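Small disclaimer: the values here were computed from a predicted structure and weren't measured.
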Amino acid sequence: MIQTHAKVQERIENNRPSVSLNEDILETKQLHINQNITSQDPEKYKNLDTEDLFQKIDSFLLPDQKQHQVMAVFGSAGSGKSIALQLKFIEAIRNWQTSQPLPIYFNLANGIELRTIIESMNQVLGTHITFQGLRKKGVHLYIDSFDEGLGLDSGRRETLIQEYMKVLSPHDEKAAANKVKCVISCRTDYLVSDSNYKWFTPRVNAFDKLLPVYIVPIDYKGHSNLKEMISIYAKHNSKDDVFIAKTRKKIEALHLQEMITTGFMFYVILEAISDLKEEKRKEDARNGICKQEIFQKYVSYYQERELKKYNEDQKSQLRQTAAFIINKKDQEEEKEKESGDPLNAALRELGKCIAVQLHLRDGFRLDQTDPLFQALEYDSAIYFKKQTLAFLLKILPLKIETKYFKNSQKNKTKQSQEVKIGFLHDTIKNSYLLEAIQDELRRTSGYSKILSNKSIVASIELVRFIADAAKHDLVLTQHLRRAIDFTKTDKSERAAIYAANSITILVAAHYSFTCQDLSNVIIRGANIQNGIFSGVDFSGADLSYTNLRNIQANDAKLVKTNLRAVKFGVFPELLLPSAVKSVSFSPNGKSIALGSVDNTVKILEV
């Protein structure tokens, strides 16, 4: 690796997707907004002191910093966790010296087995990295998307980082503290509680070796830098001061400030803002603008921009490849909605198809073995980037990762390839998925196979996205409400899943159930926390395993209601200087002792 550093750097720079980096990561750097962090979740605790994320990563990786071995970077969807890791990795590769630990970046959404990851990297980059070599030289791991890679695998997520550290660390523990360090990105809502910090410790209970930080929302201390952010965008897109002034005015007129909490959302809004009409919003000022509308505008703009890169002959080939996607009935509906190139209709259907497949499989990537690739005429014998399918997929807001391997067998060299696709951002997937759900509801007069096949109760971002749409879409709200009543007569598991999803979405949309009849319904496993259920009749209903925390349920009827394993009560919001490792109640139940990772104990009255 040392001898071929220049070549390896060149291969990474010229084919970033082969090592899971965003193809446009360097362009993204030009639009990058400085990210601030806190030591605790900023969604729970306000007015905390903040630090610069990049500076914190730099100080963590310094050779003389031996207190922490793992830095876990938490943040909401779109907060820029992945971008930060990729930019710092590229910087580390460019500045790497042979005397330093080797920087390695990988995305867990593509696999979690370290040996497979290293072997794939060696094949793609032509390197000869070994565990023995890394133990001797040292390594800095930039581990992206912990939440996507581990999902609900409760066993591996508690041991994976410890497995990595064990196989890479020298036997000398002091040497390991300096030679092996990890920077990990993970979505904040993946953590159920602070006890989940154990997933990221380098050894069992080594909480003192973990440095957790949280990326704060852009508006954490107001939008004081909004003009500066718009100016950066304007400079990158060759816009003048008039654009900056008009954009600020439009953001204010459409009440978009509250949506600008992440860098990604800011970018999406500015890409779509020219197509957002102020006049229409005046009629709906109470609820403001719908996120789905913004993302639909963004996707349309993205597609139009990419289509301009193709000539008519190329577009004709793309239409032929995508022709099977839309059946005749759908085609008539899409023609009414689409103006311009009919290829847009096929692209939109393709986007929805990919989103549904990823959702139903609990996945973040589809690869070349998926039936969709075969239906789109994927050819394993042809270099993927030269196939019509590759050009078709590039029009969609997808991250496309392509790896090429040369396998030598009996003096013959055979090239194979691996292709993986996923959306540039999870919220884009949610937008396509919601549109697919709305299509189902329209065609079936209220039945959604997507919402019936799989619970989305734990998918907080998806629930919020659909809930935001429900505030603006009365038909969607009515269908979701009826899905709950269906379970009064339909006691099937699918009906119960549909109902639990529906009521979870409606509560998130602040829908009031006051004095409604919910007798004999099945909403098992739903999350109706903070819901309004005053005077509701829950007689004979199945509320088992449902989250009832903070609900308003005065005068509610609970006759013969199944309340097995429901969650009641309120969790106290405690602002503590460090993570809690152990908790113990006093014998009389009036006090609680909290043992923190900083070796302090605090006594609180209950």
Checking the side chain of [X] only, and the main-chain atoms of [Y] only, is there a donor and an acceptor separated by less than 3.5 Å?
X	Y	result
Asp219	Thr261	no
Gln35	Gly80	yes
Ser185	Val73	no
Trp96	Gln9	no
Lys81	Ser76	yes
Ser120	Ile117	no
Arg464	Glu461	no
Asn107	Ser20	no
Arg135	Pro170	no
Glu51	Asn36	no

Would you please indicate if the ring centroids of [X] and [Y] are separated by under 6.0 Å?
X	Y	result
Tyr432	Phe423	yes
Phe200	Phe146	yes
Tyr220	Tyr45	no

Can you tell me how the ring of [X] sits relative to the ring of [Y], calling it parallel under 30°, perpendicular over 60° and tilted otherwise?
X	Y	result
Phe89	Tyr105	tilted
Phe264	Phe295	tilted
Phe384	Tyr378	tilted

Validation row: [X], [Y] side chains within 4.5 angstrom (heavy atoms):
X	Y	value
Thr38	Val213	no
Lys309	Lys394	no
Phe74	Pro212	yes
Tyr214	Ser39	no
Pro42	Pro217	yes
His359	Val356	no
Arg203	Met165	no
Ile421	Leu396	no

From [X] [atom1] over to [Y] [atom2], what is the distance, rounded to the nearest 0.5 angstrom?
X	Y	atom1	atom2	value
Leu108	Phe364	CG	CZ	11.5 Å
Asp147	Leu191	CG	CG	9.0 Å
Ser459	Asp362	OG	CG	7.5 Å
Leu210	Met71	CG	CE	10.5 Å
Leu318	Phe391	CG	CZ	8.5 Å

Subject >> salt bridge (charged side-chain N to carboxylate O under 4.0 Å, His left out) pairs, two or more places apart, involving residues 107-126 >> reply: Glu113-Arg156

**OP:** Please identify each residue that fulfils side-chain contact (heavy atoms from CB on, under 4.5 Å) with Asp370, with sequence neighbours left out.
**Re:** Arg361, Leu366, Leu372, Phe373

Subject >> Chi angles and distances behind the salt bridge (charged side-chain N to carboxylate O under 4.0 Å, His left out) call for Glu401, Lys399 >> reply: CA-CA 7 Å; Glu401 300 175 0; Lys399 182 176 182 179; 3.5 Å; yes

Is it true that, when you exclude [X] itself, more than 12 heavy atoms of the residues, nucleotides or ligands shown sit nearer than 6.0 Å to its [atom1]?
X	atom1	result
Asp49	CG	no
Asn95	CG	yes
Glu418	CD	yes
Lys454	NZ	yes

Original post:
Given the rule in the side-chain hydrogen bond (donor to acceptor under 3.5 Å, both in side chains) test, do Gln55 and Ser59 qualify, once you have shown the distances and angles that lead to the verdict?
Top reply: CA-CA 6 Å; Gln55 292 178 10; Ser59 62; over 6 Å; no

**OP:** Evaluate side-chain hydrogen bond (donor to acceptor under 3.5 Å, both in side chains) for Lys602 paired with Thr600, printing each intermediate quantity in order.
**Re:** CA-CA 7 Å; Lys602 293 177 175 58; Thr600 63; 3.2 Å; yes

Original post:
Lys7 and Glu10: salt bridge (charged side-chain N to carboxylate O under 4.0 Å, His left out), yes or no, with the steps?
Top reply: CA-CA 5 Å; Lys7 289 184 178 180; Glu10 183 182 353; over 6 Å; no

Subject >> Residues Asp58 and Lys88 bridged, charged N to O under 4.0 Å >> reply: yes

**OP:** Let me see the working for Tyr267 and Glu271 under side-chain hydrogen bond (donor to acceptor under 3.5 Å, both in side chains), right down to the final yes or no.
**Re:** CA-CA 6 Å; Tyr267 176 74; Glu271 290 285 273; 3.3 Å; yes

Original post:
What's the verdict on side-chain hydrogen bond (donor to acceptor under 3.5 Å, both in side chains) for Lys198 and Asn205, showing C-alpha distance, side-chain angles and the deciding distance?
Top reply: CA-CA 7 Å; Lys198 63 185 177 182; Asn205 294 326; over 6 Å; no

Subject >> Cationic tip of Arg187 above Tyr190 ring, under 6.0 Å, 45° of axis >> reply: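 No - Arg187 does not lie over the ring of Tyr190 by the 6.0 Å and 45° rule.
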
Subject >> Candidate pair Arg94 and Glu91, rule salt bridge (charged side-chain N to carboxylate O under 4.0 Å, His left out), full reasoning >> reply: CA-CA 5 Å; Arg94 289 177 172 178; Glu91 179 184 305; over 6 Å; no

